[in-house]
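Quick note: numbers below take in every heavy atom, side chains included, and nothing from hydrogens, waters or symmetry partners. Lettering follows sequence order; numbering is per chain, from 1.
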2 protein chains.
Amino acid sequence: MQLDQLDRRIVGVLLEDGRATFAQIGDRVGLSAPAVKRRVDRLVSSGAITGFTVRVDPSVVGWSTEGYVEIYCRGSTSPAEILKAVDKHPEVVSASTVTGEADAILHILASDIRHFEQVVERIASEPFMVRTKSELVLSPLVRREQGSIPD
Amino acid sequence: MQLDQLDRRIVGVLLEDGRATFAQIGDRVGLSAPAVKRRVDRLVSSGAITGFTVRVDPSVVGWSTEGYVEIYCRGSTSPAEILKAVDKHPEVVSASTVTGEADAILHILASDIRHFEQVVERIASEPFMVRTKSELVLSPLVRREQGSIPD
DNA sequence: GCCGTCGCACAAGAATCTTGCGTGAGAGGC
DNA sequence: GCCTCTCACGCAAGATTCTTGTGCGACGGC
(Lines give C-alpha, C1' and ligand atoms only; values in the text may rest on other atoms or scores of the structure.)
Protein backbone atom coordinates (compact mmCIF):
# COMPACT_ATOMS: atom_id res chain seq x y z
CA MET A 1 0.00 0.00 0.00
CA GLN A 2 1.15 3.50 -0.81
CA LEU A 3 1.35 6.20 1.87
CA ASP A 4 0.84 9.80 0.87
CA GLN A 5 2.40 12.79 2.60
CA LEU A 6 -0.49 13.08 5.05
CA ASP A 7 -0.21 9.44 6.11
CA ARG A 8 3.51 9.83 6.73
CA ARG A 9 2.98 12.85 8.91
CA ILE A 10 0.27 11.06 10.87
CA VAL A 11 2.57 8.09 11.44
CA GLY A 12 5.29 10.51 12.46
CA VAL A 13 3.08 12.05 15.12
CA LEU A 14 2.02 8.63 16.37
CA LEU A 15 5.63 7.45 16.61
CA GLU A 16 6.27 10.35 18.97
CA ASP A 17 3.02 9.95 20.91
CA GLY A 18 0.95 6.87 20.25
CA ARG A 19 -1.83 8.18 22.46
CA ALA A 20 -2.23 11.54 20.74
CA THR A 21 -5.86 12.48 20.28
CA PHE A 22 -7.25 12.38 16.75
CA ALA A 23 -7.98 16.07 17.13
CA GLN A 24 -4.37 16.77 18.19
CA ILE A 25 -3.03 14.84 15.22
CA GLY A 26 -5.48 16.69 13.02
CA ASP A 27 -4.20 20.04 14.23
CA ARG A 28 -0.65 19.09 13.33
CA VAL A 29 -1.36 17.68 9.90
CA GLY A 30 -4.29 19.88 8.90
CA LEU A 31 -7.24 17.50 9.06
CA SER A 32 -10.36 17.06 11.16
CA ALA A 33 -10.47 14.42 13.86
CA PRO A 34 -12.74 12.04 11.92
CA ALA A 35 -10.52 12.30 8.84
CA VAL A 36 -7.50 11.36 10.95
CA LYS A 37 -9.34 8.45 12.53
CA ARG A 38 -10.34 7.06 9.14
CA ARG A 39 -6.76 7.28 7.90
CA VAL A 40 -5.39 5.65 11.04
CA ASP A 41 -7.98 2.88 10.76
CA ARG A 42 -6.92 2.36 7.17
CA LEU A 43 -3.23 2.33 8.10
CA VAL A 44 -3.93 -0.31 10.74
CA SER A 45 -6.08 -2.55 8.57
CA SER A 46 -3.66 -2.30 5.65
CA GLY A 47 -0.79 -3.37 7.87
CA ALA A 48 1.27 -0.20 7.63
CA ILE A 49 0.70 0.26 11.38
CA THR A 50 1.11 -3.16 12.98
CA GLY A 51 0.07 -2.17 16.47
CA PHE A 52 0.21 0.24 19.37
CA THR A 53 2.55 -0.22 22.29
CA VAL A 54 4.46 1.46 25.10
CA ARG A 55 8.13 2.28 25.43
CA VAL A 56 9.45 0.84 28.67
CA ASP A 57 12.61 1.60 30.62
CA PRO A 58 14.33 -1.80 30.40
CA SER A 59 16.13 -1.46 33.71
CA VAL A 60 12.96 -0.66 35.65
CA VAL A 61 11.26 -3.70 34.19
CA GLY A 62 14.13 -5.94 35.16
CA TRP A 63 16.20 -6.25 31.99
CA SER A 64 19.56 -4.83 33.01
CA THR A 65 21.86 -6.95 30.84
CA GLU A 66 21.84 -6.65 27.10
CA GLY A 67 23.97 -8.14 24.35
CA TYR A 68 24.36 -9.17 20.75
CA VAL A 69 25.12 -12.78 19.82
CA GLU A 70 26.41 -13.84 16.44
CA ILE A 71 25.56 -17.44 15.69
CA TYR A 72 27.33 -19.79 13.29
CA CYS A 73 25.37 -22.80 12.05
CA ARG A 74 25.99 -25.93 10.02
CA GLY A 75 25.88 -25.25 6.30
CA SER A 76 22.54 -26.93 5.82
CA THR A 77 20.64 -24.85 8.39
CA SER A 78 17.59 -22.94 7.10
CA PRO A 79 16.34 -19.61 8.45
CA ALA A 80 13.16 -21.40 9.52
CA GLU A 81 15.17 -23.73 11.77
CA ILE A 82 16.95 -20.80 13.36
CA LEU A 83 13.67 -19.00 13.89
CA LYS A 84 12.13 -22.06 15.51
CA ALA A 85 15.04 -22.44 17.90
CA VAL A 86 15.25 -18.80 18.79
CA ASP A 87 11.61 -17.78 18.97
CA LYS A 88 10.89 -19.85 22.06
CA HIS A 89 13.18 -17.65 24.14
CA PRO A 90 11.40 -14.46 25.16
CA GLU A 91 14.79 -12.96 25.96
CA VAL A 92 15.56 -12.83 22.23
CA VAL A 93 14.24 -9.45 21.29
CA SER A 94 15.34 -9.47 17.71
CA ALA A 95 16.97 -11.96 15.35
CA SER A 96 18.01 -11.72 11.71
CA THR A 97 19.95 -13.76 9.23
CA VAL A 98 22.82 -11.67 7.91
CA THR A 99 25.57 -11.49 5.32
CA GLY A 100 29.16 -12.04 6.39
CA GLU A 101 30.74 -14.81 8.38
CA ALA A 102 27.97 -15.24 10.92
CA ASP A 103 24.64 -16.76 9.93
CA ALA A 104 22.49 -14.66 12.21
CA ILE A 105 22.63 -11.91 14.81
CA LEU A 106 20.49 -12.06 17.94
CA HIS A 107 19.71 -9.18 20.26
CA ILE A 108 19.10 -10.43 23.80
CA LEU A 109 17.73 -8.80 26.96
CA ALA A 110 18.34 -10.61 30.23
CA SER A 111 18.05 -9.81 33.90
CA ASP A 112 21.75 -10.32 34.68
CA ILE A 113 24.92 -11.90 33.32
CA ARG A 114 24.03 -15.33 34.66
CA HIS A 115 20.66 -15.19 32.96
CA PHE A 116 22.27 -14.00 29.73
CA GLU A 117 24.71 -16.87 29.86
CA GLN A 118 21.92 -19.39 30.38
CA VAL A 119 20.04 -18.17 27.33
CA VAL A 120 23.13 -18.29 25.13
CA GLU A 121 23.89 -21.73 26.52
CA ARG A 122 20.46 -23.06 25.63
CA ILE A 123 20.65 -21.63 22.12
CA ALA A 124 24.17 -22.97 21.66
CA SER A 125 22.96 -26.46 22.51
CA GLU A 126 20.71 -26.63 19.43
CA PRO A 127 21.87 -29.47 17.16
CA PHE A 128 22.60 -27.23 14.17
CA MET A 129 24.74 -24.78 16.15
CA VAL A 130 28.46 -24.66 15.53
CA ARG A 131 29.50 -21.75 17.73
CA THR A 132 28.41 -18.39 19.07
CA LYS A 133 30.13 -15.07 19.64
CA SER A 134 28.71 -12.72 22.25
CA GLU A 135 29.19 -9.01 22.69
CA LEU A 136 27.77 -7.51 25.85
CA VAL A 137 26.38 -3.98 25.78
CA LEU A 138 28.37 -1.64 28.00
CA SER A 139 26.27 1.50 27.58
CA PRO A 140 23.30 2.08 25.31
CA LEU A 141 23.96 5.28 23.32
CA VAL A 142 20.98 5.55 20.99
CA ARG A 143 17.68 3.76 21.36
CA ARG A 144 15.17 4.81 18.73
CA GLU A 145 14.17 1.32 17.57
CA GLN A 146 11.79 2.64 14.98
CA GLY A 147 13.48 5.08 12.66
CA SER A 148 11.93 8.28 11.51
CA ILE A 149 9.72 8.66 8.49
CA PRO A 150 11.54 9.58 5.26
CA ASP A 151 9.72 12.01 2.91
CA MET B 1 10.99 2.68 41.52
CA GLN B 2 9.65 -0.74 42.35
CA LEU B 3 6.91 -2.38 40.28
CA ASP B 4 4.53 -4.77 41.97
CA GLN B 5 2.81 -7.68 40.28
CA LEU B 6 -0.14 -5.55 39.20
CA ASP B 7 2.11 -2.95 37.57
CA ARG B 8 3.92 -5.66 35.63
CA ARG B 9 0.69 -7.11 34.31
CA ILE B 10 -0.54 -3.66 33.30
CA VAL B 11 2.70 -3.01 31.43
CA GLY B 12 2.37 -6.42 29.82
CA VAL B 13 -1.09 -5.59 28.52
CA LEU B 14 0.10 -2.22 27.25
CA LEU B 15 3.06 -3.78 25.45
CA GLU B 16 0.59 -5.91 23.50
CA ASP B 17 -1.92 -3.10 22.93
CA GLY B 18 -0.86 0.41 23.82
CA ARG B 19 -4.34 1.71 23.12
CA ALA B 20 -6.21 -0.70 25.36
CA THR B 21 -8.93 1.02 27.33
CA PHE B 22 -8.38 1.47 31.06
CA ALA B 23 -11.49 -0.64 31.58
CA GLN B 24 -10.12 -3.41 29.33
CA ILE B 25 -6.83 -3.42 31.21
CA GLY B 26 -8.76 -3.46 34.45
CA ASP B 27 -10.72 -6.52 33.37
CA ARG B 28 -7.50 -8.39 32.66
CA VAL B 29 -5.68 -7.46 35.85
CA GLY B 30 -8.62 -7.21 38.24
CA LEU B 31 -8.89 -3.48 38.85
CA SER B 32 -11.35 -0.70 38.08
CA ALA B 33 -10.67 1.71 35.25
CA PRO B 34 -9.74 4.63 37.53
CA ALA B 35 -7.33 2.45 39.51
CA VAL B 36 -5.62 1.41 36.28
CA LYS B 37 -5.40 5.00 35.09
CA ARG B 38 -3.80 6.11 38.34
CA ARG B 39 -1.23 3.33 38.10
CA VAL B 40 -0.46 4.08 34.47
CA ASP B 41 -0.08 7.78 35.28
CA ARG B 42 2.31 6.84 38.05
CA LEU B 43 4.28 4.51 35.76
CA VAL B 44 4.62 7.31 33.21
CA SER B 45 5.63 10.02 35.67
CA SER B 46 8.09 7.71 37.43
CA GLY B 47 9.76 6.90 34.12
CA ALA B 48 8.97 3.20 34.02
CA ILE B 49 6.87 3.86 30.94
CA THR B 50 8.83 6.30 28.76
CA GLY B 51 6.16 6.85 26.15
CA PHE B 52 3.48 5.52 23.86
CA THR B 53 4.12 4.71 20.24
CA VAL B 54 3.09 2.67 17.23
CA ARG B 55 4.68 -0.35 15.65
CA VAL B 56 5.24 0.31 11.97
CA ASP B 57 5.95 -2.06 9.11
CA PRO B 58 9.42 -0.81 8.09
CA SER B 59 9.02 -1.76 4.44
CA VAL B 60 5.77 0.14 4.04
CA VAL B 61 7.32 3.23 5.55
CA GLY B 62 10.29 3.05 3.21
CA TRP B 63 12.99 1.31 5.23
CA SER B 64 13.72 -1.80 3.22
CA THR B 65 17.44 -2.23 3.97
CA GLU B 66 18.68 -3.03 7.42
CA GLY B 67 22.07 -3.90 8.84
CA TYR B 68 24.42 -4.01 11.80
CA VAL B 69 27.70 -2.12 11.77
CA GLU B 70 30.54 -2.79 14.16
CA ILE B 71 32.76 0.22 14.58
CA TYR B 72 36.40 0.29 15.68
CA CYS B 73 37.72 3.55 17.08
CA ARG B 74 41.03 5.04 18.17
CA GLY B 75 41.94 4.00 21.69
CA SER B 76 41.20 7.40 23.17
CA THR B 77 37.61 7.64 21.93
CA SER B 78 34.90 8.17 24.56
CA PRO B 79 31.34 6.87 24.36
CA ALA B 80 30.17 10.50 24.33
CA GLU B 81 32.15 11.15 21.15
CA ILE B 82 30.64 8.12 19.49
CA LEU B 83 27.18 9.18 20.56
CA LYS B 84 27.68 12.66 19.20
CA ALA B 85 28.83 11.32 15.84
CA VAL B 86 26.12 8.74 15.53
CA ASP B 87 23.11 10.54 16.94
CA LYS B 88 22.87 13.00 14.08
CA HIS B 89 21.99 10.22 11.66
CA PRO B 90 18.29 9.33 11.95
CA GLU B 91 19.06 6.07 10.15
CA VAL B 92 20.91 4.85 13.25
CA VAL B 93 18.14 3.20 15.15
CA SER B 94 20.22 1.87 17.99
CA ALA B 95 23.83 2.15 19.10
CA SER B 96 25.72 0.68 22.04
CA THR B 97 29.28 0.38 23.21
CA VAL B 98 30.13 -3.29 23.64
CA THR B 99 32.70 -5.73 24.97
CA GLY B 100 34.88 -7.60 22.50
CA GLU B 101 37.00 -6.40 19.64
CA ALA B 102 34.60 -3.79 18.32
CA ASP B 103 33.96 -0.59 20.27
CA ALA B 104 30.29 -0.24 19.37
CA ILE B 105 27.50 -1.85 17.40
CA LEU B 106 25.08 0.24 15.37
CA HIS B 107 21.74 -0.89 14.03
CA ILE B 108 20.83 0.98 10.86
CA LEU B 109 17.65 1.29 8.79
CA ALA B 110 18.00 2.67 5.28
CA SER B 111 15.86 2.92 2.18
CA ASP B 112 18.20 0.87 -0.01
CA ILE B 113 21.77 -0.40 -0.26
CA ARG B 114 23.03 2.84 -1.70
CA HIS B 115 21.52 4.79 1.16
CA PHE B 116 22.94 2.31 3.69
CA GLU B 117 26.38 2.70 2.15
CA GLN B 118 26.17 6.49 2.34
CA VAL B 119 25.35 6.41 6.03
CA VAL B 120 28.20 4.02 6.80
CA GLU B 121 30.49 6.17 4.70
CA ARG B 122 29.61 9.32 6.60
CA ILE B 123 30.11 7.60 9.95
CA ALA B 124 33.39 6.08 8.80
CA SER B 125 34.70 9.52 7.93
CA GLU B 126 34.61 10.68 11.55
CA PRO B 127 38.12 11.56 12.72
CA PHE B 128 38.23 8.96 15.50
CA MET B 129 37.09 6.06 13.29
CA VAL B 130 39.57 3.33 12.42
CA ARG B 131 37.36 0.92 10.51
CA THR B 132 33.85 -0.51 10.25
CA LYS B 133 32.45 -3.94 9.60
CA SER B 134 28.94 -4.22 8.18
CA GLU B 135 26.53 -7.13 8.21
CA LEU B 136 23.39 -6.69 6.12
CA VAL B 137 20.16 -8.25 7.30
CA LEU B 138 18.92 -10.93 4.90
CA SER B 139 15.65 -11.79 6.61
CA PRO B 140 14.27 -10.54 9.91
CA LEU B 141 13.28 -13.57 11.97
CA VAL B 142 12.14 -12.11 15.30
CA ARG B 143 11.17 -8.51 15.91
CA ARG B 144 9.95 -7.97 19.46
CA GLU B 145 12.15 -5.01 20.32
CA GLN B 146 10.76 -4.78 23.82
CA GLY B 147 11.07 -8.04 25.65
CA SER B 148 8.36 -9.47 27.82
CA ILE B 149 7.89 -8.74 31.47
CA PRO B 150 9.62 -11.12 33.88
CA ASP B 151 7.72 -12.00 37.08
C1' DG C 1 -22.75 18.08 -19.42
C1' DC C 2 -23.38 14.21 -16.42
C1' DC C 3 -22.25 10.75 -13.19
C1' DG C 4 -19.45 7.88 -10.09
C1' DT C 5 -15.80 7.95 -6.76
C1' DC C 6 -13.13 9.71 -3.24
C1' DG C 7 -11.95 12.28 0.73
C1' DC C 8 -13.27 15.74 3.55
C1' DA C 9 -15.95 18.53 7.47
C1' DC C 10 -19.84 18.69 10.38
C1' DA C 11 -22.78 16.90 14.00
C1' DA C 12 -24.77 13.95 17.54
C1' DG C 13 -25.02 9.80 20.28
C1' DA C 14 -21.90 6.44 22.51
C1' DA C 15 -17.91 5.38 24.90
C1' DT C 16 -14.08 6.68 27.50
C1' DC C 17 -11.45 9.68 30.39
C1' DT C 18 -10.78 12.17 34.50
C1' DT C 19 -11.43 13.81 39.13
C1' DG C 20 -13.43 14.26 43.73
C1' DC C 21 -15.06 11.63 47.44
C1' DG C 22 -15.83 8.03 50.86
C1' DT C 23 -14.23 3.46 52.54
C1' DG C 24 -11.37 -0.24 54.19
C1' DA C 25 -6.87 -2.48 55.01
C1' DG C 26 -2.30 -2.29 56.94
C1' DA C 27 1.72 0.11 59.59
C1' DG C 28 3.30 2.41 63.45
C1' DG C 29 2.91 5.07 68.01
C1' DC C 30 1.03 5.29 72.58
C1' DG D 1 -6.02 -2.55 72.63
C1' DC D 2 -6.82 1.56 70.25
C1' DC D 3 -5.86 5.40 67.71
C1' DT D 4 -4.29 7.69 63.58
C1' DC D 5 -1.99 8.20 59.35
C1' DT D 6 -1.32 6.63 54.82
C1' DC D 7 -2.34 4.37 50.77
C1' DA D 8 -4.93 2.28 47.18
C1' DC D 9 -9.23 1.14 45.91
C1' DG D 10 -14.28 1.55 43.93
C1' DC D 11 -18.05 4.55 42.82
C1' DA D 12 -20.07 8.30 40.42
C1' DA D 13 -20.60 12.39 37.47
C1' DG D 14 -19.01 15.98 34.43
C1' DA D 15 -15.70 16.71 30.64
C1' DT D 16 -13.52 15.01 26.80
C1' DT D 17 -12.92 12.01 23.07
C1' DC D 18 -14.47 8.53 19.93
C1' DT D 19 -17.31 6.94 16.35
C1' DT D 20 -20.52 6.85 12.62
C1' DG D 21 -23.97 8.75 9.53
C1' DT D 22 -24.65 12.50 6.41
C1' DG D 23 -23.91 15.90 2.89
C1' DC D 24 -20.71 18.53 0.04
C1' DG D 25 -17.06 19.71 -3.22
C1' DA D 26 -13.18 18.18 -6.27
C1' DC D 27 -11.65 15.26 -9.78
C1' DG D 28 -11.78 12.14 -13.73
C1' DG D 29 -14.13 9.26 -17.30
C1' DC D 30 -17.83 8.90 -20.56
Self-check item: Linked, directly or transitively: A/L138 and B/V86 (ILVMFWY side chains, under 4.5 Å)
Solution: no
Self-check item: Protein-nucleotide distance (B/Q24, atom CD; C/dA15, atom C1'), rounded to Å
Solution: 11 Å
Exercise. Output yes when at least one side-chain N/O atom of A/K37 is less than 4.0 Å from OP1 or OP2 of D/dT19, else no.
Key: yes
Quiz item: Considering only C/dT18, D/dT17, C/dC21, which nucleotide approaches the side chain of B/R38 most closely?
Solution: C/dC21
Quiz item: Given C/dA11, C/dA9, C/dT19, which nucleotide is nearest the side-chain atoms of A/P34?
Solution: C/dA11
Exercise. Could you check which of D/dG10, D/dC9, D/dT19 has an atom nearest any side-chain atom of B/S32?
Key: D/dG10
Quiz item: Nearest-Å distance, CG (B/D41) to C1' (C/dT19)?
Solution: 11 Å
Quiz item: Expressed in angstrom and rounded to an integer, what is the separation of A/I10 atom CD1 from C/dG7 atom C1'?
Solution: 12 Å
Practice problem: Please determine, by modelled atom types, if A/S96 and B/R143 share a side-chain donor-acceptor pair under 3.5 angstrom. | Solution: yes
Quiz item: Hey, does the side chain of A/R19 come within less than 4.0 Å of C/dC17's phosphate (OP1/OP2), counting only N and O?
Solution: no
Practice problem: Between D/dG10, C/dT16, D/dC18, spot the one nearest the side chain of A/T21, thanks. | Solution: D/dC18
Quiz item: Given that B/A20 and A/G30 both sit by DNA chain C, which one's nearest nucleotide is further toward the 5' end?
Solution: A/G30
Quiz item: Over how many whole Å does the gap from B/R42 atom CZ to D/dA8 atom P extend?
Solution: 6 Å
Self-check item: Length of the CG-C1' vector between A/D7 and C/dC6, whole Å
Solution: 14 Å
Quiz item: Hey, is B/R144 close enough to A/D87 for a salt bridge, meaning N to O under 4.0 Å?
Solution: yes
Quiz prompt | Whole-Å distance separating the CZ atom of B/F22 from the P atom of D/dT16 | solution = 17 Å
Quiz item: In Å, rounded to the nearest 0.5 Å, how long is the span from OG1 of A/T77 to CD1 of A/I82?
Solution: 6.0 Å
Self-check item: Polar side chain donor-acceptor pair, A/E70 to A/Y72, under 3.5 angstrom
Solution: yes
Exercise. Whole angstrom is fine here: how far is it from CD1 in B/I25 over to P in D/dC9?
Key: 13 Å
Self-check item: Nucleotide nearest A/L31 when distance is taken to its side chain, options D/dT19, C/dC8, D/dC9
Solution: C/dC8
